[in-house]
There are 2 protein chains.
Amino acid sequence: MAARPVSDRWRVTSRRPVDLSARDASAKTGAPGDKDATKAHTATLRARLAELQAKLYAEGSRSLLVVLQAMDAGGKDGTIRAVFEGVNPQGVKVVSFKAPTPEELAHDFLWRVHAQVPSDGDITVFNRSHYEDVLVVRVHDLVPEAVWRGRYARIRAFEELLHAEGTTIVKIMLHISAEEQKERLQERIDNPEKRWKFNPADLSERHHWDAYQEAYGEALGQTTARHAPWYVVPADRNWYRNWAVLQILVDTLEQMNPQFPPAAEGAEDAVVV
Amino acid sequence: MAARPVSDRWRVTSRRPVDLSARDASAKTGAPGDKDATKAHTATLRARLAELQAKLYAEGSRSLLVVLQAMDAGGKDGTIRAVFEGVNPQGVKVVSFKAPTPEELAHDFLWRVHAQVPSDGDITVFNRSHYEDVLVVRVHDLVPEAVWRGRYARIRAFEELLHAEGTTIVKIMLHISAEEQKERLQERIDNPEKRWKFNPADLSERHHWDAYQEAYGEALGQTTARHAPWYVVPADRNWYRNWAVLQILVDTLEQMNPQFPPAAEGAEDAVVV
């Protein structure tokens, strides 16, 4: 039997709600060493990701969807930068979902998401996603409970469709502690270079911390699946988080095992004149 | 008066057809030194590009469109990889235009292109573009001459629209020699690792070399403009090409001079609890 992939450690494997308060957001378990050693391994994984992405793109028949979710200041932007810098931007697409527009609201909640799923050969990263429709929408009572609760099944069916048609899906929640969020928001305020990032609405959202954690916990359990697993990555420490996310992506792509396509018939004898 | 930007050297400034045969595709004029010195300067420019892109993205009110054209094996893919690796993929989008689909053909030639222009804050790179509609379409007589000839004015008007609404446009032709193309295509055939890239159609296209060069020359002149300039970059040497393209992008972004946006009012006194 093959060894279990390193990333199995963070995988959600049960339908039961995940109790995020019981998970240490500053954990560094499983890291290949201290901060410096882990950063060195991260660089190796980044190079490996670039190789695997090049093959996936060349193969051109399957795709990878990476869903990234986190609380405010959870590190989504920083993760995308740290993980994908160095990977060929041709073939990697980042889609940020903001508050829906009137046109988007005039459609079902998966409409705008479906339009952005990866093409064959591509890796697409969702910075926020259709999961907001069972998170912020739930916390702020934007639709009745029966509607958001029904969305778990809608999401499962949607992701089964993507999987069946050639898209591999990984879903990653960057898990930070309330204390870490406080420090990061305060840093945005205190550092003039970062102050433009500060959104006063983040302060009122912070009052809903427990409600968000509960909504996350239930959504993770309800929508994790063998073909579309959730991973909860301890994210208080950026160096551990970056290493863990890269490990998840490399494990996933190695499982996919993309290959350069065969050459056109007779190509090896061709002579250019 | 400010010094002329380095990239002015490659800029097309006249409506007259460009005589590509008179331009040395292996030129290295203006390079900051030999190959090693130029590569070192390229790394500096890449870091500067990353800084400027971060500001453009944060500013969120203007965008940059980079149109990349070249003959087959001209190095478009390699240029994108070399120039944009290391830049935050959030905010950089690469769009590759292939042979149009039936739905695309059922619309005007700018329809599919317009749908892909950059959002505020973004850099979008067109790998091939609407210029194919005055290049391959002309060489293969896919529409009557009056139609493709009329497209020069259509393209000018379209690019004026984008410019007026906040999109800066740079258009870069990677100029290789027929001999260099021959070597690169043969390398794709002879190297088993690259053979999957080889497209037998490239051989028949190569017979139209002169017709393509003429079509390029006229299109460059007809559509270069102060607000949407064409640059012809000598591209037989990859190291010179990468340096030149980065120089063009950095000069363009420095001219745009993007700024981090101001903080929300009262943000500096906020306390996170």
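The chains referred to below are lettered A, B, ... by the order of the sequence lines, with proteins before strands, and numbering in each begins at 1.
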Top residue by heavy-atom pair count (under 4.5 Å) with chain B, among A:Lys182, A:Gln181, A:Glu193? A:Lys182
Among B:Val94, B:Val125, B:Val92, residue most engaged with chain A (heavy-atom pairs, under 4.5 Å): B:Val94
Pick out which of A:Ile80, A:Val83, A:Asn88 makes a side chain to side chain contact (heavy atoms under 4.5 Å, CB included) with B:Pro89. A:Ile80
Contact between A:Ile189 and B:Glu268 at the side-chain level, heavy atoms closer than 4.5 Å - yes or no? no
In short, B:Gln186 meets A:Ala270 closest at the heavy-atom pair NE2-O, 3.2 Å
Using non-hydrogen atoms only, which part of A:Pro200 is less than 4.5 Å away from chain B: side chain, backbone, both, or neither? side chain
At a heavy-atom distance under 4.5 Å, which candidate from B:Asp190, B:Asp269, B:Asp77 has the highest pair count against chain A? B:Asp77
Nearest heavy atoms of B:Val273 and A:His207, plus distance in Å: CG2-CE1, 4.5 Å
Give, as side chain, backbone, both or neither, the part of B:Asn127 having an atom under 4.5 angstrom from any heavy atom of chain A. side chain
Structural part of B:Leu203 lying under 4.5 Å from a heavy atom of chain A: side chain
Treating B:Glu85 as the side-chain partner and A:Val87 as the backbone partner, does any N or O pair qualify as donor plus acceptor under 3.5 Å? no
Over all heavy atoms of both residues, which pair between B:Ala267 and A:Phe198 is shortest? Give the atoms and the distance, please. CB-CD2, 3.7 Å
For chain B, which of A:Pro262, A:Gly266, A:Ala263, A:Ala264 has the most heavy-atom pairs under 4.5 Å? A:Ala263
Contact class of A:Arg81 relative to chain B, heavy atoms under 4.5 angstrom: both
Side chain / backbone / both / neither for A:Val271 at chain B, heavy atoms under 4.5 Å: both
For A:Gln90 and B:Ser96, indicate whether the former's side chain and the latter's backbone hold a donor-acceptor pair under 3.5 Å. no
From B:Gln259 CD over to A:Trp196 CH2, what is the distance, rounded to the nearest 0.5 angstrom? 12.5 Å
